Amino acid sequence: EIVMTQSPTTLSVSPGERVTLSCRASQSVNTNLAWYQHKPGQAPRLFIYGASSRATGIPARFSGSGSGTDFTLTISSLQSEDFAVYYCQQYDNWPPYSFGQGTKLEIK
Amino acid sequence: EVYLVESGGGLVQPGGSLRLSCVASGFDFNAAWMSWIRQAPGKGLEWVGRIKSKGGGGTTDFAAPVKGRFTISRDDSKNTVYLQVNSLKTEDTGRYYCAKVYMLTALAFDHWGQGTLVSVSS
């Protein structure tokens with residue numbers, strides 16, 4: 001089973017800042033990596049698939065990169081609506097489709 | 001517009017059973033692979049299981065913690081996917097989401113329901 005590890009667990013940032021979230025896989029997942037945003041009381045939302053492709057309707061300030069075992073999600077300029085928990089998920093080697101434990105973006 | 005609406009959750013004693021349903025609309029359900037994903041209170045997302053489309057073989061896969069206790073089925077005539085949860089344990093408590101697999105070349109989950117709450121307690 002592939003284990004996904006995200007860092008940091010929590011990130012305190014100010015609106016307007018540039019943010020980078022990290023996700024590491026225990027073995028290569030090629031570019032079969034997705035990122036999700038999850039806000040309390042809402043359904044999770046797909047943001048990035050294929051490591052770097054933005055899903056429909058996702059703003060250009062979000063970008064994903066990486067391949068193999070190391071991935072990043074970058075938000076170029078944080079907006080108030082971006083504060084949430086972000087999860088990475090691999091779909092290269094399944095089952096299971098493993099998720100990372102999440103990174104919580106909170107307002108500084 | 002894609003909609004996924006889950007139902008069937010509730011309070012159940014350890015060892016009990018529930019059948020969760022997810023009614024889909026707004027896409028070609030017959031061709032879709034569907035998954036169930038859960039979130040325990042205060043925890044992250046955990047993939048539970050997946051059913052392929054009938055055209056893809058209709059087979060199911062499950063995460064290790066639920067294998068042998070949970071089953072997934074689908075009724076394409078009703079655009080509905082089911083999660084039968086048996087022999088429930090307290091650690092099965094959480095919100096259960098159904099999600100649509102984006103496409104066969106990108107097995108991410110592009111649409112999710114709001115979830116249904118399962119609480120296992122004596």
Side-chain angles (χ1 to χ4, degrees), chain A residues 1-10 21 23 25 29-58 62 64 67 71 73 84-105, chain B residues 1-6 22 24 26-27 32-52 56-57 59-68 70-72 94-117:
Chain A
E1 175 179 339
I2 296 177
V3 176
M4 308 301 292
T5 303
Q6 293 184 240
S7 61
T9 301
T10 305
L21 284 61
C23 174
V29 298
N30 298 295
T31 56
N32 295 311
L33 190 285
W35 289 93
Y36 301 87
Q37 180 192 70
H38 194 194
K39 294 182 178 180
Q42 297 186 18
R45 185 180 178 190
L46 175 66
F47 266 46
I48 301 285
Y49 64 94
S52 61
S53 297
R54 277 189 301 277
T56 304
I58 303 306
F62 289 88
S67 66
F71 301 87
L73 174 69
V85 179
Y86 291 83
Y87 295 93
C88 63
Q89 175 241 330
Q90 69 83 21
Y91 50 88
D92 185 77
N93 191 323
W94 47 268
Y97 300 86
S98 27
F99 288 89
Q101 82 279 17
T103 291
K104 182 179 181 181
L105 279 186
Chain B
E1 181 113 22
V2 171
Y3 290 101
L4 297 169
V5 180
E6 302 95 334
C22 171
F27 63 97
W33 292 20
M34 301 295 294
S35 263
W36 288 91
I37 295 143
R38 68 184 180 183
Q39 184 175 35
K43 303 293 185 183
L45 300 172
E46 179 187 23
W47 177 77
V48 171
R50 183 225 64 231
I51 186 166
K52 295 182 179 179
T59 54
T60 56
D61 283 295
F62 295 93
V66 308
K67 201 168 186 178
F70 290 14
T71 59
I72 299 176
R95 181 168 291 276
Y96 285 69
Y97 299 95
C98 76
K100 171 186 163 293
V101 173
Y102 181 32
M103 54 184 170
L104 299 189
T105 53
L107 300 175
F109 308 115
D110 66 336
H111 289 91
W112 299 58
Q114 293 293 324
T116 186
L117 212 49

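Order of the sequence lines sets the chain letters (A, B, ...), proteins ahead of strands, with each chain counted from 1. All values derive from a computational prediction rather than experimental measurement.
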Distance only, no hydrogens: is a donor on one side chain within 3.5 Å (strictly under) of an acceptor on the other, for A:Tyr36 and A:Gln89?
-> yes

Partners of A:Asn93 by side chain to side chain contact (heavy atoms under 4.5 Å, CB included), sequence neighbours excluded?
-> A:Ile2, A:Gln27, A:Gln90

For [X], which atoms come within 4.5 Å of any heavy atom of chain B: side chain, backbone, both, or neither?
{"X": "A:Ala43", "answer": "both"}
{"X": "A:Phe47", "answer": "neither"}
{"X": "A:Tyr87", "answer": "side chain"}

Is the closest side-chain heavy-atom distance between [X] and [Y] below 4.5 Å?
{"X": "B:Phe109", "Y": "B:Trp47", "answer": "yes"}
{"X": "B:Asp110", "Y": "A:Thr56", "answer": "no"}
{"X": "B:Leu45", "Y": "B:Trp112", "answer": "yes"}

Please look at [X] and chain A and tell me whether the side chain, the backbone, both or neither of the residue comes under 4.5 angstrom of a heavy atom of that chain.
{"X": "B:Arg95", "result": "neither"}
{"X": "B:Ile37", "result": "side chain"}
{"X": "B:Phe62", "result": "backbone"}
{"X": "B:Tyr97", "result": "side chain"}

Should A:Gln37 and A:Ile58 be marked as a side-chain contact (heavy atoms from CB on, under 4.5 Å) after you check the CA-CA gap, both sets of side-chain angles, and the distance that decides it?
-> CA-CA 11 Å; A:Gln37 180 192 70; A:Ile58 303 306; over 6 Å; no

Heavy-atom pairs under 4.5 Å with chain B, option from A:Gly50, A:Pro95, A:Gly41, A:Ala34 with the top count | A:Pro95

Nearest 0.5 Å please: distance from the CD atom of A:Gln101 over to the OG1 atom of A:Thr103.
-> 6.0 Å

Between chain A and each of B:Gly44, B:Ala108, B:Ala64, B:Gly113, count heavy-atom pairs under 4.5 Å; write down the option with the most.
-> B:Ala108

